[in-house]
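Chain naming here is simple, since letters A, B, ... match the order of the sequence lines and numbering starts at 1 in each. Side chains included, hydrogens not; waters and symmetry mates left out as well; all remaining heavy atoms used. Every value quoted in this text rests on a predicted model; they were computed, and no experiment measured them.
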Amino acid sequence: MAVKLEEESFDPAAEIARFEASLPVGSFGATASFVGTMRNHNEGDSVTAMTLEHYPGMTENQLEAVIEDAKKQWDIIDALIVHRVGEILPGNPIVLTAVCSAHRAAAFDACRFLMEALKSRATFWKKETLASGEQRWVEKNTPGY
Amino acid sequence: MAVKLEEESFDPAAEIARFEASLPVGSFGATASFVGTMRNHNEGDSVTAMTLEHYPGMTENQLEAVIEDAKKQWDIIDALIVHRVGEILPGNPIVLTAVCSAHRAAAFDACRFLMEALKSRATFWKKETLASGEQRWVEKNTPGY
Amino acid sequence: MAIKVKFFASLREQQPEGLNAVDADGIQTIADVWERATSTQLMPAHVLCSVNLEHREPHEAVKDGDEVAFFPPVTGG
Amino acid sequence: MAIKVKFFASLREQQPEGLNAVDADGIQTIADVWERATSTQLMPAHVLCSVNLEHREPHEAVKDGDEVAFFPPVTGG
């Protein structure tokens, strides 16, 4: 199990490769992953940058709890959550969730659960900078199901 | 949209990176992906190798049809399916499905649909080589939901 | 006047090598192709089939020049 | 005799800088901390709160030395 908050841009592919490499070769048959990437538009406006604020200490605890919950509900081998904090630009990854399991159903279910759980529970807040220069706090998430 | 049958081992991370790079920066907010990896055991037996047979022509058509079906059902930007054929070893990737969309629900749903649809419709057959040297055809898939 | 025939996976291994077509004379359905190609009466229920790369049912029609394939349940992914 | 107070995101921007604790005297609940820290009567319904890094409800108790945080709905991921 790993939870990482990154202050610099990260490479989701490299994170997944490292995560899989930490497990015995041939032990898992399924890897489901999700990457949230910053878009250059939101709610009809052009967005040029974003700041991700978090609550140091509480956020990490919550992400670890989310993985523990997934392990209780599904037969998974391991899970990974990586989340950016700080200033990010369009095209940059914001979040990665990945799950390895023997069979695919558990990996799909748990990977999606990680995303929904972190979006509803983990203390992150997004502030967008629009093309006009205006800054605004994102007020709610898009629905996940 | 891309469908690829690979005769040699492929790198899922590199395939996803290429797929994302083919889309405009900032255009997508969600990438869901799934990788099926060969395990070193199945149904209680140790497995040392596997052969993936397919029906050239028909298999590619089916994978393209599966992506078309996904595009009809969900608001996705693009999708990718990569599948191995030939001889593979434990730890090698067998299949990759990936979907990019604006928001995460469509990416999750469509990525899982691609896997279930290809497992039920696409003409691939697996033959396992056991540690004993015995070879056997895999007779059915594990459930996906 | 011939219908191309292909077998895949376990079905391929059960057929004599080199069989790749049957005479189209008197053939009406996929099941007829099976009977002629395998010299057995009944096409087993678990056998799947296609005509010209599309999934089909055994009772469906075939014609001269078609490519008919027989295979077990798919197990990819 | 103090309770640490943190605000995040839009709530942080609405508070005077440098406020990071309130006197614990007479404080019983999270809502009391809000009242003392912000000099407003009622904690708005959309404000979320935590005590010592755990989500809590406004009516729940706090004690000397606790760290209480107030923040808007989360929007990560």
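- Between chain A and the options B/Glu116, B/Glu20, B/His41, the largest number of non-hydrogen pairs under 4.5 Å is found for B/Glu116.
- By the neighbour-count criterion of 12 heavy atoms within 6.0 Å, atom CG of B/Asp11 is densely surrounded, having more than that number from other residues, nucleotides or ligands.
- Using a 4.5 Å cut-off between heavy atoms, A/Ala98 makes no contact with chain B at all.
- Atoms CE and CZ, on A/Met38 and B/Phe28 in that order, are 13.0 Å from each other to the nearest 0.5 Å.
- If you tally non-hydrogen atom pairs under 4.5 Å between each of B/Pro24, B/Cys100, B/Ala102 and chain A, the highest count goes to B/Ala102.
- Counting heavy-atom pairs closer than 4.5 Å to chain A, the top-ranked of the candidates B/Ala13, B/Pro12, B/Ala17 is B/Ala13.
- The number of heavy-atom neighbours closer than 6.0 Å to CD of B/Glu139, taken from other residues, nucleotides and ligands shown, is 12 or below.
- Using a 4.5 Å cut-off between heavy atoms, A/Asn92 makes no contact with chain B at all.
- Expressed to the nearest 0.5 Å, how far CZ of A/Arg104 lies from OG1 of B/Thr37 amounts to 13.5 Å.
- B/Asn40 and A/Val25 get closest at one heavy-atom pair: ND2-O, 3.3 Å.
- Annotation: the span from A/Phe34 atom CZ to B/Ser33 atom OG amounts to 10.0 Å, rounded to 0.5 Å.
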